[in-house]
Amino acid sequence: MKGNGHPTNNQNISEYVALLYQKYSHKLYCNAFHYTSNPSIAEDGVQQIFEKILLHPDTALHVPEHEIIYYLFAIQRNVMYTLTMDEYKNSHYPLDYDDGNDISRNLIDPEDLFIRYIYLDSLKIIFSTLTPDFRDTIIFHYFYGFKYSEIACIFHISERAVKKRIAVAKKRVRTMFQKEDFL
C-alpha cells in the first residue's frame, strides 16, 4: 500500500476499483441520471468512469482517500458531457412527412447547421472579449456545472468573488448580445 491508502500491484488495483465501484456507483448513477434523465445513458456513464480509472490507474492512486468522490465527480462531468454530445450528434429529425413518404428533396433540414454555426461563432467571439478571470468563472459555472464553492477553491478566491465575477460577466455578455441584436 502507498502512503495514501491505495494499492500498488495490478490485482490490488482492480480490487480497489471494485471497492470504489461498490461504494460510489449508486451516487454516481444518481448524479448521472440528473445529467441525462435517461437510465441507460446514466448506467453507461458510470461504467465509463470506472473503465477510465482501470485504464489509467496512476492518476486515481495519487488522489487522497477523502477526496476520491470529488475526483470521480470530475471524471463524471467529462464522461457525461461526452455522452450527451454524442447523443445530441446522433439524434436528428427525419427528413420525411408524418405519413412516411420520403420526399427529402422538397424538405428543409429542421436543424440548419449553418445557422447553429453562426450562433456558435458569435458566442466564441463574445466570450473571447471577456477577460480570462470572468470568462473562466462563467464557463466553469454554466458550461461545466461547477458550484461557486468549487470554483472558489480552484481559483483560490472567496465565493463572494466568484458570484461577483459571474454577475459582471453575465452583465457584459448581455450587453454584447444586445449590441449583436440577439436579445
Side-chain angles (χ1 to χ4, degrees), residues 1-92 111 116 120 123-124 127-128 130-167 169-170 173:
M1 294 272 196
K2 285 189 174 184
N4 58 0
H6 299 303
T8 54
N9 63 19
N10 285 343
Q11 183 179 4
N12 288 340
I13 290 171
S14 61
E15 291 173 3
Y16 176 69
V17 172
L19 287 173
L20 288 178
Y21 182 84
Q22 186 178 21
K23 188 173 181 181
Y24 297 112
S25 63
H26 183 69
K27 287 181 183 178
L28 292 170
Y29 173 79
C30 292
N31 197 27
F33 188 78
H34 172 73
Y35 279 108
T36 65
S37 300
N38 184 332
S40 64
I41 293 177
E43 289 174 8
D44 290 343
V46 173
Q47 293 297 321
Q48 285 187 17
I49 292 167
F50 290 99
E51 286 176 12
K52 287 184 181 292
I53 292 174
L54 282 173
L55 290 174
H56 309 286
D58 295 337
T59 55
L61 294 177
H62 294 295
V63 177
E65 191 73 30
H66 65 279
E67 294 180 1
I68 197 73
I69 188 68
Y70 302 115
Y71 174 74
L72 293 172
F73 282 148
I75 294 173
Q76 185 179 36
R77 281 192 186 112
N78 294 330
V79 166
M80 295 311 296
Y81 176 76
T82 303
L83 285 174
T84 305
M85 291 308 293
D86 289 344
E87 180 186 0
Y88 179 73
K89 286 178 187 175
N90 294 330
S91 70
H92 61 281
E111 293 185 86
R116 283 193 290 155
L120 181 63
L123 283 174
K124 286 180 184 178
F127 275 97
S128 68
L130 293 173
T131 61
D133 292 339
F134 294 119
R135 181 178 57 237
D136 293 344
T137 52
I138 200 167
I139 286 174
F140 271 89
H141 182 65
Y142 287 107
F143 291 103
Y144 296 122
F146 282 90
K147 297 177 183 173
Y148 292 139
S149 59
E150 294 172 328
I151 298 170
C153 288
I154 292 170
F155 292 112
H156 304 292
I157 57 175
S158 67
E159 277 188 58
R160 186 174 179 180
V162 171
K163 290 178 185 177
K164 180 69 175 177
R165 283 184 186 181
I166 290 175
K170 282 173 46 178
V173 167

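Atoms CD and NZ, from Gln76 and Lys27 in turn, are 12.0 Å apart once rounded to the nearest 0.5 Å. In this structure, CD1 on Ile68 lies 7.0 Å from OH on Tyr71, to the nearest 0.5 angstrom. Distance OG1/Thr137 to NZ/Lys164: 12.5 Å, rounded to 0.5 Å. Taken to the nearest 0.5 Å, the NZ atom of Lys170 stands 3.5 Å off from the OH atom of Tyr142.
Listed here is the closest heavy atom pair of His62 and Asp58: CD2-O, 2.7 Å. Pro57 approaches Ile13 most closely through the heavy-atom pair CB-CG2, 3.7 Å.
Within a 6.0 Å sphere centred on CD of Glu67, heavy atoms belonging to other residues, nucleotides or ligands number more than 12. Around OH of Tyr81, the count of heavy atoms belonging to other residues, nucleotides or ligands within 6.0 Å does not exceed 12.
Contact annotation: the side chain of Thr36 never approaches that of Leu83 to less than 4.5 Å [non-hydrogen atoms, C-beta and beyond]. Here the side chains of Phe33 and Asn38 are not in contact, with every heavy-atom distance at 4.5 Å or above. Under the 4.5 Å side-chain criterion, counting only non-hydrogen atoms from C-beta, Val162 is not in contact with His141. Taking 4.5 Å as the limit, some side-chain heavy atom of Ile138 sits within range of a side-chain heavy atom of Phe127.
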Sequence neighbours left out, cut at 3.5 Å: what donor-acceptor pairs do the side chains of residues 143-152 make with other protein atoms?
residue: Glu150; atom: OE1; partner: Arg77; partner atom: NH2; Å: 3.0
residue: Glu150; atom: OE1; partner: Lys147; partner atom: N; Å: 2.9
residue: Glu150; atom: OE2; partner: Arg77; partner atom: NH2; Å: 3.4

Return all side-chain donor-acceptor pairs below 3.5 angstrom for residues 43-54, not counting sequence neighbours, or 'none' if the list is empty.
residue: Gln47; atom: NE2; partner: Tyr21; partner atom: OH; Å: 3.1

